[in-house]
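Structure first, then comments.
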Amino acid sequence: MGLSERDCAILDFERMWWTVPGPKELAIRHRFDLSPTRYYQLLGLLIDSADADAYDPLVVRRLRRVRDRRRRARYEGRSAGEPPVR
């Protein structure tokens, strides 16, 4: 099906959001006219798409790793920043 302009813009934003002055949530509202919750819902769906992976594999794979690390931490009952128990 391919990526929409908004999909590409979201991936581009994720590649460089830290260069935007101010909090990320305000930049999301201003640039996409979306609540941060809705933005992250769309982003979660987007990074599972093969088209997104083809468009920007580095960003998509980084976001998948972050998501997977957070899921694993919740499953194991620890903070995402804590090292795994051995």
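The figures here come from the full heavy-atom set of this structure, side chains too, leaving out hydrogens, waters and symmetry mates. The chain is numbered in sequence order, starting from 1. Keep in mind the model is a prediction, meaning the values are calculated, not measured.
Within the model, atoms CZ of Arg6 and CG of Leu42 stand 5.0 Å from one another, a figure rounded to the nearest 0.5 Å. Atom CZ of residue Arg38 and atom CD1 of residue Ile28 lie 13.0 Å apart, to the nearest 0.5 angstrom. Atom OH of Tyr39 and atom CZ of Phe13 lie 5.0 Å apart (nearest 0.5 Å). Summarising the geometry, atom CG belonging to Asp7 is positioned 10.0 Å from atom CG belonging to Leu43; distances are rounded to the nearest 0.5 Å. With rounding to the nearest 0.5 angstrom, the NE2 atom of His30 is 10.5 Å from the CZ atom of Phe32. The CG atom of Asp56 lies 9.0 Å from the CG atom of Leu63; values are rounded to the nearest 0.5 Å.
Heavy-atom minimum distance, Pro36 versus Arg29: CD-NH2, 3.4 Å. Between Arg31 and Ala9, the shortest heavy-atom distance links the atoms NH2-O, 4.2 Å. The two atoms that bring Gly2 and Asp51 nearest to each other are N-OD2, 2.9 Å, heavy atoms only. The two residues Val60 and Ile47 make their nearest non-hydrogen contact at CG1-O, 3.5 Å.
Checking Asp12 against Tyr55 by side-chain atom types alone, a donor-acceptor pair falls below 3.5 Å.
A salt bridge links Arg67 to Asp48: at least one charged side-chain nitrogen sits closer than 4.0 Å to a carboxylate oxygen. Under the 4.0 Å criterion applied to side-chain N and carboxylate O atoms, Arg65 and Asp68 are not assigned as salt-bridge partners. Electrostatic pairing of Glu76 and Arg71 does not count as a salt bridge here, judged by no charged N lying under 4.0 Å from a carboxylate O.
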* Should Arg74 and Arg69 be marked as a side-chain contact (heavy atoms from CB on, under 4.5 Å) after you check the CA-CA gap, both sets of side-chain angles, and the distance that decides it? -> CA-CA 9 Å; Arg74 277 194 309 270; Arg69 187 178 320 124; over 6 Å; no

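Arg64 places a side-chain heavy atom less than 4.5 Å from the side chain of Asp53. Leu58 places none of its side-chain heavy atoms less than 4.5 Å from the side chain of Arg62.
Hydrophobic clustering (side-chain heavy atoms under 4.5 Å, transitive across Ile, Leu, Val, Met, Phe, Trp, Tyr) keeps Val20 apart from Met16. Note on Tyr40 and Val59: same hydrophobic cluster, where clusters join Ile, Leu, Val, Met, Phe, Trp and Tyr whose side-chain heavy atoms are under 4.5 Å apart, directly or indirectly.
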